[in-house]
Amino acid sequence: MGFLTGKTAIITGAGRAVLSDGRCGSIGYGIATAYAKEGANIVITGRNVKKLEDAKEELERLYGIQVLTVAADVNAHADNQAVVEEVVRQTMEKFGRIDVLINNAQASASGVTLADHTTDQFDLAVYSGLYAAFYYMKACYPHLVETKGSVINFASGAGLFGNYGQCAYAAAKEGIRGLTRVAATEWAKDGVNVNIICPLAWTAQLENFQKAYPDAFKANVKMPPAGHYGDSELEIGRVCVQLASPDFKYLTGETITLEGGMGLRP
């Protein structure tokens with residue numbers, strides 16, 4: 001029994017993606033696996049129902065926890081408040097509590113330069129990332145106050161360093177960083193822990209980026225000093241587990257950068 005037994009985590013963008021070599025290639029699924037090993041019940045959302053169902057089947061079979069899947073797509077043409085509130089409604093109906101919210105979902109047209117970026121491409125990144133985090137944080141807040149819970153958001157070096165061909169992605173991620181710091185300031189008095197992670201992991205999305213935009217990939221993605229990219233479960237997922245621990249409450253509002261999984265730098 002792990003220390004998260006009986007607790008509930010919502011993880012957005014947690015469908016099971018697969019790398020070309022057959023290994024799991026999803027940060028969200030890696031986080032879900034780390035939480036499942038600690039006994040948490042999990043709510044996973046995403047746009048691809050099959051990936052969600054694949055994740056549910058494997059997590060429940062291997063770790064004996066309960067997984068709720070909810071298809072949810074925050075986009076420029078949806079009633080996004082209603083979409084997110086339905087996720088929260090189903091979560092409360094099934095599990096009766098929310099202890100952790102992890103805003104991992106993010107889509108983008110990475111590789112397209114700012115001059116060539118369309119409004120639709122910009123909306124894709126901002127809605128799936130920044131707006132999604134905003135709506136989920138607002139909807140989960142009353143429940144997180146009840147459980148003295150945690151919010152874990154995701155940003156990126158793309159915004160920190162101004163990566164070539166990632167204008168919308170960088171803008172969304174920098175917006176999420178600002179939103180996170182404000183929430184940490186406003187919600188600390190309520191006992192809600194709010195942090196952000198800037199990871200670098202080898203994922204199916206990054207693999208596809210390398211194939212589609214090799215020049216942008218070469219300009220932006222550097223091998224970390226540790227000599228390997230972060231492991232979605234063992235390094236990034238375990239950091240997310242630690243941030244849900246009462247021992248990490250003092251870290252509220254910090255940015256944590258993972259480089260190859262070999263260090264945390266607040």
Side-chain angles (χ1 to χ4, degrees), residues 2 4-75 83-84 86-95 97-108 128-129 132-133 135-136 139-140 149-154 197 199 201-209 229-244 258 261:
L4 294 176
T5 298
K7 295 188 176 183
T8 302
I10 295 177
I11 308 170
T12 70
R16 188 180 186 277
V18 180
L19 294 167
S20 59
D21 63 6
R23 291 180 297 128
C24 182
S26 163
I27 289 178
Y29 184 69
I31 297 168
T33 301
Y35 270 70
K37 287 182 175 180
E38 291 295 339
N41 293 314
I42 300 167
V43 181
I44 55 176
T45 76
R47 295 180 295 176
N48 188 310
V49 174
K50 184 180 186 308
K51 289 181 179 181
L52 294 175
E53 291 301 324
D54 287 348
K56 173 183 172 68
E57 188 280 326
E58 188 163 278
L59 290 169
E60 291 186 335
R61 173 171 49 84
L62 292 178
Y63 307 112
I65 51 97
Q66 295 185 68
V67 179
L68 172 66
T69 64
V70 186
D73 180 13
V74 176
N75 64 76
V83 168
V84 171
E86 177 61 16
V87 175
V88 173
R89 186 195 68 78
Q90 290 192 39
T91 300
M92 294 301 295
E93 183 179 87
K94 184 171 181 63
F95 296 121
R97 61 187 294 148
I98 300 171
D99 299 272
V100 186
L101 167 65
I102 301 176
N103 284 306
N104 164 72
Q106 178 70 67
S108 73
S128 65
Y135 284 117
Y136 274 102
C140 289
S150 300
V151 177
I152 303 168
N153 291 334
F154 276 75
I197 295 175
W202 190 252
T203 63
Q205 188 174 20
L206 194 60
E207 189 174 66
N208 292 336
F209 178 44
Y229 296 101
D231 182 281
S232 294
E233 177 204 339
L234 298 179
E235 294 163 336
I236 297 166
R238 293 306 303 178
V239 168
C240 290
V241 166
Q242 290 173 334
L243 288 175
L258 282 76

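No experiment lies behind these values; they were computed from the predicted model shown. Residue numbers start at 1 and run along the sequence shown. All values below were derived from every heavy atom in this structure, side-chain atoms included, with hydrogens, water molecules and symmetry-related copies excluded.
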Check your understanding: What residues form a side chain to side chain contact (heavy atoms under 4.5 Å, CB included) with Ala107, not counting sequence neighbours?
Key -> Arg47, Leu124, Ser128
Point to revise | Contacts of type side-chain hydrogen bond (donor to acceptor under 3.5 Å, both in side chains), residue Asn153, not counting sequence neighbours | key: Asn103, Thr180
**Study point:** For Glu86, all residues meeting side-chain hydrogen bond (donor to acceptor under 3.5 Å, both in side chains), sequence neighbours excluded
**Key:** Arg89, Gln90
Point to revise | Reported CZ-to-CD distance for the pair Arg238 and Glu38, which is rounded to 0.5 angstrom | key: 4.5 Å
**Study point:** Ile42 side chain reached by Tyr63 side chain, heavy atoms, under 4.5 Å
**Key:** no
Review point. Residues in side-chain hydrogen bond (donor to acceptor under 3.5 Å, both in side chains) with Thr33, at least two apart?
Key: none
Practice item. Might you work through the side-chain contact (heavy atoms from CB on, under 4.5 Å) test for Lys7 and Val100, ending with a clear yes or no? Key: CA-CA 8 Å; Lys7 295 188 176 183; Val100 186; over 6 Å; no
Point to revise | Closest contact, heavy atoms only, Pro199 versus Ile197 | key: CD-O, 3.4 Å
Revision key, fill the gap. Hits for side chain to side chain contact (heavy atoms under 4.5 Å, CB included) against Ala55, two or more places apart or cross-chain, chain-then-number order -> Arg16, Tyr29, Ile44
Exercise for review: Verify, without hydrogens or angle tests, whether Glu235 (side chain) and Asp231 (backbone) share a donor-acceptor contact under 3.5 angstrom.
Suggested key: yes
Exercise for review: Taking side chain to side chain contact (heavy atoms under 4.5 Å, CB included) as the test, write out the residues that go with Thr8, two or more places apart.
Suggested key: Asn41, Val43, Thr91, Phe95, Arg97, Asp99
Review point. Partners of Glu60 by salt bridge (Lys or Arg N to Asp or Glu O under 4.0 Å), sequence neighbours excluded?
Key: Lys56
Practice item. Look up atom CG in Asn104 and atom SG in Cys240, then write down how far apart they are to the nearest 0.5 Å. Key: 8.0 Å
Review point. Who are the salt bridge (Lys or Arg N to Asp or Glu O under 4.0 Å) partners of Lys51, not counting sequence neighbours?
Key: none
**Study point:** Heavy-atom donor-acceptor pair, Ser26 side chain to Gly15 backbone, under 3.5 Å
**Key:** yes
Check your understanding: Residues two or more places apart in sequence or in another chain: which of them pass side chain to side chain contact (heavy atoms under 4.5 Å, CB included) with Ala72?
Key -> Thr45, Val83, Val87, Tyr136
**Study point:** With Asn48 via side-chain hydrogen bond (donor to acceptor under 3.5 Å, both in side chains) - residues at least two apart
**Key:** none
